[in-house]
Each structure stands twice: as structure tokens, then as C-alpha cells.
Enquirer: 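Sharing a structure here in C-alpha cells format.
Note: hydrogens, waters and symmetry copies are ignored here, and every other heavy atom, side chains too, is used.
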Amino acid sequence: MNFPPKNPEREIDQKLVEKSQKGDKQAFGVLVEKYHKKLYRLLSRMVRDQSEIEDIVQDSFIKAYRAINNFRGDSAFYTWLYRIGVNTAKNHLMSLGRRPKAMNEVEIEDIENFDEASDLRSYETPESSMMTKEIAQTVNETIEHLPEELRSAITLREMDGLSYEEIAEIMDCPIGTVRSRIFRARESIAEKLKPLIETSNKRW
């Protein structure tokens with residue numbers, strides 16, 4: 001019987017967590033350094049005010065440190081950390097009477113995750129560059145107007161590259177619900193992109 005290979009990154013994180021649980025602050029510092037930018041990037045998609053994001057990130061790490069003994073390794077450390085970060089951001093926004101925002105920027109690499117944009121990848125003309133920006137703007141606007149649960153699911157999947165299992169853990173819902181939300185989000189995006197793709201094919 002073949003067992004699936006273990007994730008080396010997850011194993012390293014687990015060792016650092018175990019050291020942290022024994023009071024090794026330096027080990028936890030390594031985890032902070034490793035995931036600070038990723039957590040910041042994730043939360044910047046929820047919080048409008050850039051000046052508040054760093055405070056929320058720091059608060060998330062403080063909560064994670066205080067709760068580190070509760071971490072049992074059932075999920076990856078960063079999944080557990082992301083969930084703490086998302087909840088911390090939501091609580092922060094709720095306390096101010098505000099709602100999470102959609103992501104503020106769609107990069108070209110993110111756009112290439114959508115099959116509908118595949119026909120545009122090989123073109124590097126000024127016209128195609130403009131078209132790519134139009135696609136980015138369309139995707140951004142479409143995601144921004146999605147219901148929050150669809151927006152969060154598609155963002156975690158396409159922008160942060162998380163697995164369905166990880167998203168289910170972060171959003172605290174069944175994996176089938178995650179698949180449904182991502183499918184519905186992609187359908188909405190594909191519908192909005194269709195006219196742009198058809199126009200680009202006529203131009204070339």
C-alpha cells in the first residue's frame with residue numbers, strides 16, 4: 001500500500017510549532033517571518049484601510065501565539081493562522097460597522113488562472129496589453145460584486161492558491177459548499193469575460 005508523500009513544508013512548520021509550544025519564542029518568530037507577507041496579502045483583500053492591515057496582522061500573530069497550545073496539527077499551520085487572521089479582520093471591521101472589501105488588484109498571473117483568458121497569453125502587443133487590463137478590470141469588478149461567501153472562496157482559491165480542503169477549514173464549511181461557491185463565482189466571471197474574449201478574437 002502506497003502512502004501519499006508528506007508535505008515537507010508542513011513538517012517543518014509542525015516542528016516549529018512544537019518548539020513554540022515548549023516556549024521557544026525564536027521558533028515562533030520564524031513562523032511569523034515566513035507567513036507575515038502571505039497573511040498581509042490575504043487581509044489586504046478584506047480591509048480597505050492599508051494603515052490598519054499591519055495592526056490586524058500583528059494582532060493575528062499575537063492571538064496565534066497565545067493559542068499555539070491549542071494547535072493539534074489536524075490542518076496545516078498556515079490554514080489555522082489564516083483562519084485566525086480572517087476572523088480577526090472580520091471582528092475588526094464589524095466593530096467599526098464596516099464590511100470586508102474585495103481584493104484591490106488583479107495581477108496578470110491571477111488572470112491566467114482563468115481558462116477564458118488562455119487565448120490572450122501568447123500576445124504581447126500594446127493592444128493585447130490593453131485587453132489584458134480590460135480583462136483584469138472586469139474580473140476585479142465581477143468579484144467585487146459577488147456575495148461575500150463567493151468572493152472569499154474564489155479569492156482564497158485563485159489568488160492565494162489554497163486547496164478546497166484548506167478553504168473549507170478557513171471558511172468553516174463543508175468542502176462541497178466550497179466547490180459550489182467557487183463554481184458559481186467562476187460562472188459569473190466567465191459570463192462577464194465572454195464578450196471581451198469574443199471581441200479580442202475578432203480583432204486578431
Enquirer: So, using side-chain contact (heavy atoms from CB on, under 4.5 Å) as the criterion, who are the partners of N69 when residues are at least two apart?
Expert: Q21
Enquirer: Which pair of heavy atoms, one from A64 and one from L81, lies closest together, and at what distance?
Expert: CB-CD1, 4.0 Å
Enquirer: Would you indicate whether the side-chain heavy atoms of K90 and M46 approach each other to under 4.5 Å?
Expert: yes
Enquirer: What I want to find out is whether K192 reaches E141 closely enough, with some N-O distance under 4.0 Å, to be called a salt bridge.
Expert: no
Enquirer: Do the non-hydrogen side-chain atoms of L156 and L42 ever get within less than 4.5 Å of each other?
Expert: yes
Enquirer: To the nearest 0.5 angstrom, please state how far the CZ atom of R181 sits from the CG atom of L146.
Expert: 12.0 Å
Enquirer: Could you check if a side-chain atom of R186 sits within less than 4.5 angstrom of a side-chain atom of E158, using non-hydrogen atoms only?
Expert: yes
Enquirer: Under the criterion side-chain contact (heavy atoms from CB on, under 4.5 Å), I'd like the reasoning laid out for I154 against F183: C-alpha separation, chi angles, the key distance, then a yes or no.
Expert: CA-CA 9 Å; I154 194 70; F183 176 77; over 6 Å; no
Enquirer: What is the distance from atom NE2 of H36 to atom CG of L31, rounded to the nearest 0.5 Å?
Expert: 13.5 Å
Enquirer: Under a 4.5 Å cut-off applied to non-hydrogen side-chain atoms, are E18 and Q14 in contact?
Expert: yes
Enquirer: Give, for atom OG of S44 and atom CD of E52, the distance between the pair rounded to the nearest 0.5 Å.
Expert: 13.0 Å
Enquirer: What pairs with D55 under side-chain contact (heavy atoms from CB on, under 4.5 Å), at least two apart in sequence or on another chain?
Expert: none
Enquirer: Indicate the atoms forming the closest heavy-atom contact of I68 with S20, along with that distance.
Expert: CG1-CB, 4.1 Å
Enquirer: Can you see which heavy atom on D74 is nearest to which on R10, and at what distance?
Expert: O-NH2, 3.2 Å
Enquirer: To the nearest 0.5 Å, how far apart are OG1 in T138 and CD1 in I143?
Expert: 11.0 Å
Enquirer: Within 45° of the six-membered ring axis of Y164 and under 6.0 Å from that ring's centre, is NZ or CZ of R179 located there?
Expert: yes
Enquirer: Please list all pairs meeting ring-ring contact (aromatic ring centres under 6.0 Å, His included) that have one or both residues in residues 42-68, counting only residues at least two apart or in different chains.
Expert: F28-Y65
Enquirer: Looking only at heavy atoms, which two atoms of A185 and L150 are closest? And how far apart?
Expert: CB-O, 4.1 Å
Enquirer: Counting only pairs under 3.5 Å, give me each side-chain donor-acceptor contact of residues 165-178, with atom names and distances, residues two or more places apart or in other chains.
Expert:
{"residue": "E165", "atom": "OE1", "partner": "S163", "partner atom": "OG", "Å": "3.4"}
{"residue": "E166", "atom": "OE1", "partner": "Y78", "partner atom": "OH", "Å": "3.3"}
{"residue": "E166", "atom": "OE1", "partner": "S163", "partner atom": "N", "Å": "2.9"}
{"residue": "E166", "atom": "OE1", "partner": "S163", "partner atom": "OG", "Å": "3.3"}
{"residue": "E166", "atom": "OE2", "partner": "Y78", "partner atom": "OH", "Å": "2.4"}
{"residue": "E169", "atom": "OE1", "partner": "S75", "partner atom": "OG", "Å": "3.3"}

Enquirer: With no hydrogens and no angle check, is any side-chain donor or acceptor of N91 less than 3.5 Å from a backbone partner on N87?
Expert: yes
Enquirer: side-chain hydrogen bond (donor to acceptor under 3.5 Å, both in side chains) with E149: which residues, sequence neighbours excluded?
Expert: none
Enquirer: Mind checking what makes side-chain hydrogen bond (donor to acceptor under 3.5 Å, both in side chains) contact with K34, not counting sequence neighbours?
Expert: E9, D13
Enquirer: For E191, what residues pass the side-chain contact (heavy atoms from CB on, under 4.5 Å) criterion, not counting sequence neighbours?
Expert: none
Enquirer: Can you sort out the partners of K38 under side-chain contact (heavy atoms from CB on, under 4.5 Å), two or more places apart, ordered by chain and number?
Expert: Y35, Y82
Enquirer: For Q58, check side-chain hydrogen bond (donor to acceptor under 3.5 Å, both in side chains) against everything at least two apart and list the hits.
Expert: E54
Enquirer: Is I12 reachable from V17 through a run of I, L, V, M, F, W or Y residues, each pair having side-chain heavy atoms under 4.5 Å apart?
Expert: yes
Enquirer: Could you state the interatomic distance from NZ (K63) to CD1 (I56), rounded to the nearest 0.5 Å?
Expert: 9.5 Å
Enquirer: Considering non-hydrogen atoms only, spot the tightest contact between G85 and L43 and give its length.
Expert: O-CD2, 3.4 Å
